[in-house]
Amino acid sequence: MTTNLTILRELEKKVLWLASWMIHNANHLRDSSDGLKVGGHQASSASLATIMTALYFDVLKPEDRVAVKPHASPIFHAIQYLLGKQSRERMENFRGYKGAQSYPSRTKDADDVDFSTGSVGLGVSQTLFASLVQDYVRAHGWAKDRREGRMISLVGDAELDEGNIFEALLEGWKQGLRNCWWIIDYNRQSLDAVVREGLWERYEQLFKNFGWDVVIVKYGALQQAAFKEPGGAKLKAWIDTCPNPLYSALVFAGGAAWRKRLMDEIGDQADVSRLIEKRSDGELAALMNNLGGHDLPAVLEAFHSVNSDRPTCFICYTIKGFGLPFAGHKDNHAGLMTPTQVETLQRAMKIRAGHEWDRFEGLSRPQAEIENFLAKVPFAQGGERRLKAPQIAVPDELPVTIQPVMATQAGFGSILNDIGRGDSEFAQRIVTTSPDVTVSTNLGGWVNRRGLFARETVADTFKSESIPSTFHWEFSPKGQHIELGIAEMNLFILLSALGLSHTINGARLLPVGTLYDPFIARGLDALNYACYQDARFIVAATPSGITLAAEGGAHQSISEPLIGLAQDGLASFEPAYVDELAAIMAWAFAYIQKEGGETSEHNWLRDETGGSVYLRLSTRPIEQIQRAMTPELRQQIVDGAYWLRKPGPNAQVIVAYTGAIAPEAIEAVGLMAEDRRDVGLLAVTSADRLNAGWTAAQRARERGLVHARSHIERLLADVPPHCGIVTVIDGHPATLAWLGAVNGHRVRGLGVEHFGQTGSLADLYRHYGIDANAIVAAAQAIAPGRPIRHLKALP
Ligand SMILES: Cc1ncc(C[n+]2csc(CCOP(=O)(O)OP(=O)(O)O)c2C)c(N)n1
Ligand SMILES: [Mg+2]
């Protein structure tokens, strides 16, 4: 045995001990009722102790990046602790306030998590897309000074039930995926129970079909040696046909149970009985538990045997809870060890009481030798894993030719098209992507100019055959648009990967994704995941709302503005006019590059820390306002609102609108001008930023910053107390209804609460009560006065 293997064996045990102690020690858990969830870490972590020891202490290179299965977080932290990258304080405070996180987190953990995980399946796909992004970056000539890394995911076998993984697999195949390893922890247990038989065969076929290599790590060295003994082949056959639940049950039951079962089933054959009988109960259990995924030499051999950049799936047979008293038990997901069991483990690990956290306690090799080994671990040689990339200068203004009548979606296409004309660094760093709605979200012009990305050049056959077509569809390594199949999950995970390129590859990208607004819901968990790990991107969602009219209820979004309001890490905008959109986009390209970090009470809107941006756009052409963009107006648009018509001192009512129904709001204000004094018209470009500013200002004041005032508070400061506010949006009315709480004004919130349907715009606005007449009726109801003469009966 080489010295390294001896040390790795020691570390494997040490890692399991530290992870177990971490879970046991978490003080706050003692009297908490979340044992069911806490326990999930224990068995699930043990399952990966060997594989992660092999990876982190031997196989991984600094340039490799890893997404660790959520419940293996304690093993990850324990490894980082041994490498001197995690503090004891955070270890002791696992799952506690500011302690090591329950699931590895890029943003909340201090020990260099590459990719956050938690919602199973998403971290897995993240590695696939991270690999495509690495290829994109290199094809564009960036990050050449860095070595190409492997993007590795440690995957729970039950994680493969998540459909988004298969969506990603298909996309990976289309895009010529490389440098991606998925290591499946095939413990044949999920959270609730033991999984179906023979899944490995489906996985193997599946991965091969998608162009992956598959390496099966099934038998450990002890088993491999035993198979060579007389009777070994029969033992192997028995193992291969043993049902998952039975194997698990016997692992749990131990040596005597193995002996009885094996003797009953194959022990009547002399050579096999000799093989069994010559082993003690302990040795027999060790043999039967010696699955490939718990055998360091087998695992190391499997990983080191892969020398190509082909995507590779390792199916590693493991035992959930390996090395712990509840190994293999089907209910072990929630298994927390009792204090007595921990003591037993502690004794077995030779850890003295009071020395549980000592890094070298219980190891039989000399400390200096282990320190020396740890100091040379390849993975830890690269320094800080969170890379930095300089910000790309963004023009203060984005030029756009505004047609007299225009939709924000057309404006979006036009702005990008204009950016695409130039060859500034800014233009070069933009990368667009869309799940098969590139043309219908107006990215066509941009794509015509910048081309589609692929590692190999593919000509546009229509062009080469001289057949006229509006859109060129040419792929090359220099292309700046990544075309995806129709899977919104993939869109958001790709945005997540593109949006981390500055810190993963050290090369900054400015990602812009497009999709139809209602399908945000289809990829929402992935969007949330991307925001949670602080990936930076712009997503333009268009068309939106019942403004889609004839398209009908299946495509008309209702709740998305509320998602925009509530989603952390995402600043959401819904402009009405193209000049507003241009101002927002110029701001957004800078905002997505801000440094991040903790927010303070002083930067309520996160303008210093930055985030991602959601633009809710529309296909409805509306008459544009001819006006000069001033710095003040630009700032107000970005802050979330401005007065299109300032209310006078005697105002009885104001209308606050968002987005494409601007013409209805303007018309309504005109209709009631004769009968209500000084009507104000508030253009709300971002309910999200207005709301965030308001709540943050309140927090700041409560914490002593008495002069803190948010934008909406300043805008509404002069609105008389008895004035009513009618809010209107083509989306859920709660998006704006909170405006009344700012200064205690009465509010009537108009919007869409029920599924849409087909019809003309006029039909639908009338039906759902967001047309000019409905706005006037609402104004009359909350701002009593003489009857408003243009008001017609409501339908
Ligand atoms: C999207 C999502 N759904 C449900 C869960 C709850 N959950 C956590 S782990 C788990 C199953 C784990 O099984 P497996 O992936 O095989 O890992 P093991 O525990 O066997 O190591 C479930 C359902 C989750 N984290 N994410
Ligand atoms: Mg499992």
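Only a predicted model underlies this, so the values are computations on that prediction, with no experimental measurement involved. When a ligand or atom number is given, it counts from 1 through the structure's own listing order. Counting begins at 1 with the first residue of the sequence.
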Open item on the list: So, applying side-chain hydrogen bond (donor to acceptor under 3.5 Å, both in side chains) with Tyr532, which one of Ser116, Ser496, Ser105 is it?
Closed with: Ser105
TODO: Taking the six-membered ring for Trp and the full ring for Phe, Tyr or His, determine whether the centres of Phe227 and Tyr219 are under 6.0 Å apart.
DONE: yes
- [ ] Can you sort out which atoms of ligand 1 are near His71, meaning under 4.0 Å from one of its heavy atoms?
- [x] 8 (C), 9 (S)
Task: Ser125 and Asn164 side chains, donor-acceptor separation under 3.5 Å - done: yes
Task: Gln175-Glu171 side chain donor-acceptor pair, cut-off 3.5 Å - done: yes
- [ ] Examine ligand 1 and decide if any of its atoms is less than 4.0 Å from a heavy atom belonging to Gly118.
- [x] yes
TODO: Indicate, with yes or no, if the rings of Trp173 and Trp212 have centres closer together than 6.0 Å.
DONE: no
Open item on the list: So that I know where these two stand, are Tyr529 and Phe492 an aromatic pair - ring centroids less than 6.0 Å apart?
Closed with: no
Open item on the list: For the Mg ion (ligand 2), what is the number of protein N, O or S atoms at a distance under 2.8 Å?
Closed with: 3
Open item on the list: Tell me whether Ser119 reaches ligand 1 (any heavy atom closer than 4.0 angstrom to a ligand atom).
Closed with: yes
Open item on the list: With heavy-atom distances below 4.0 Å as the criterion, list the atoms of ligand 1 near Glu162.
Closed with: 1 (C), 2 (C)
Task: Aromatic centroids of Tyr317 and His294 separated by under 6.0 Å - done: no
TODO: Determine, for Lys69 against Asp185, whether the closest basic-nitrogen to carboxylate-oxygen distance falls under 4.0 angstrom.
DONE: yes
Task: Element-labelled atoms of ligand 1 that are located less than 4.0 Å from some non-hydrogen atom of Asn187 - done: 18 (P), 20 (O), 21 (O)
Open item on the list: Would Ser47 count as a contact residue for ligand 1, given that I'm defining contact as a non-hydrogen atom of the residue lying under 4.0 Å from a ligand atom?
Closed with: no
- [ ] Check each atom of ligand 1 against the heavy atoms of Ala158 and keep those under 4.0 Å away; list them by number with element.
- [x] 13 (O), 14 (P), 15 (O), 16 (O)
Open item on the list: Between Lys208 and Asp213 (salt bridge meaning N to carboxylate O under 4.0 Å), is one present in this structure?
Closed with: no
Open item on the list: Below 3.5 Å, N or O to N or O, backbone or side chain included: is there any such pair between Lys320 and ligand 1?
Closed with: yes
Open item on the list: Could you tell me, atom by atom, which parts of ligand 1 come under 4.0 Å of a heavy atom of Ser44?
Closed with: 18 (P), 19 (O), 21 (O)
Task: His24/Phe94 aromatic ring centres below 6.0 Å - done: no
Open item on the list: If the cut-off is 4.0 Å to any non-hydrogen atom of Lys69, which atoms of ligand 1 fall inside it?
Closed with: 18 (P), 21 (O)
